[in-house]
Amino acid sequence: MNKASQTKSEFDFFNAFISYQGKSSPWEFRFTVWNILDTRSIRRDSFTENLISTYSYLVQSRYGLFTVKWDI
């Protein structure tokens, strides 16, 4: 909560990744997931003496990525 402008925003993002590369192996495997909590939007409420407003921003839903890397 921003007391000066009376703005309140609440949202959570939780990202995670796991990576594996063996000793002296040129291969690396990584699994990454973004927005694990599947937050759909960010809402921002603003209050003043003359105006009450609400903004909502859509965000990308949960997604994952599997990466294989090979060092030459």
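The shown structure was predicted, so the numbers you read here are calculated from the model rather than taken from an experiment.
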Self-check item: Parallel, tilted or perpendicular: ring planes of F31 versus F66, cut at 30 and 60 degrees
Solution: tilted
Practice problem: Using a cut-off of 6.0 Å, state whether more than 12 heavy atoms not belonging to Y63 lie near its atom OH. | Solution: yes
Quiz prompt | Other residues, nucleotides, ligands: >12 heavy atoms within 6.0 Å of I18 CD1 | solution = no
Quiz item: What is the distance from atom OG of S53 to atom CG of D45, rounded to the nearest 0.5 Å?
Solution: 8.0 Å
Exercise. Hey, could you give me the OG/OH distance between S41 and Y55, rounded to the nearest 0.5 Å?
Key: 15.5 Å
Practice problem: Please step through side-chain contact (heavy atoms from CB on, under 4.5 Å) for the pair I72 and W70, ending with a clear verdict. | Solution: CA-CA 6 Å; I72 298 178; W70 182 59; 3.9 Å; yes
Self-check item: More than 12 heavy atoms of other groups within 6.0 Å of F29 CZ
Solution: yes
Exercise. Identify the two heavy atoms, one from R62 and one from N35, that lie closest to each other, and give their separation to 0.1 Å.
Key: CB-O, 3.3 Å
Exercise. Of all the heavy-atom pairs spanning L37 and F14, show the shortest one and how long it is.
Key: CG-CB, 3.9 Å
Self-check item: Gap between atom CD of Q60 and atom OG1 of T39 - 0.5 Å precision
Solution: 12.5 Å
Practice problem: Taking all heavy atoms of W27 and all of Q21, pick out the closest pair and write down the distance. | Solution: O-CG, 3.1 Å
Self-check item: Flag side-chain contact, heavy atom, 4.5 Å: I42 against F13
Solution: yes
Exercise. Give the minimum heavy-atom separation between I36 and A16, together with the two atoms involved.
Key: CD1-CB, 3.6 Å
Quiz item: Say you draw a straight line from CZ of R40 to CG of L58; how long is it, rounded to the nearest 0.5 Å?
Solution: 10.0 Å
Quiz item: Shortest non-hydrogen contact from S19 to E28?
Solution: OG-OE2, 2.9 Å
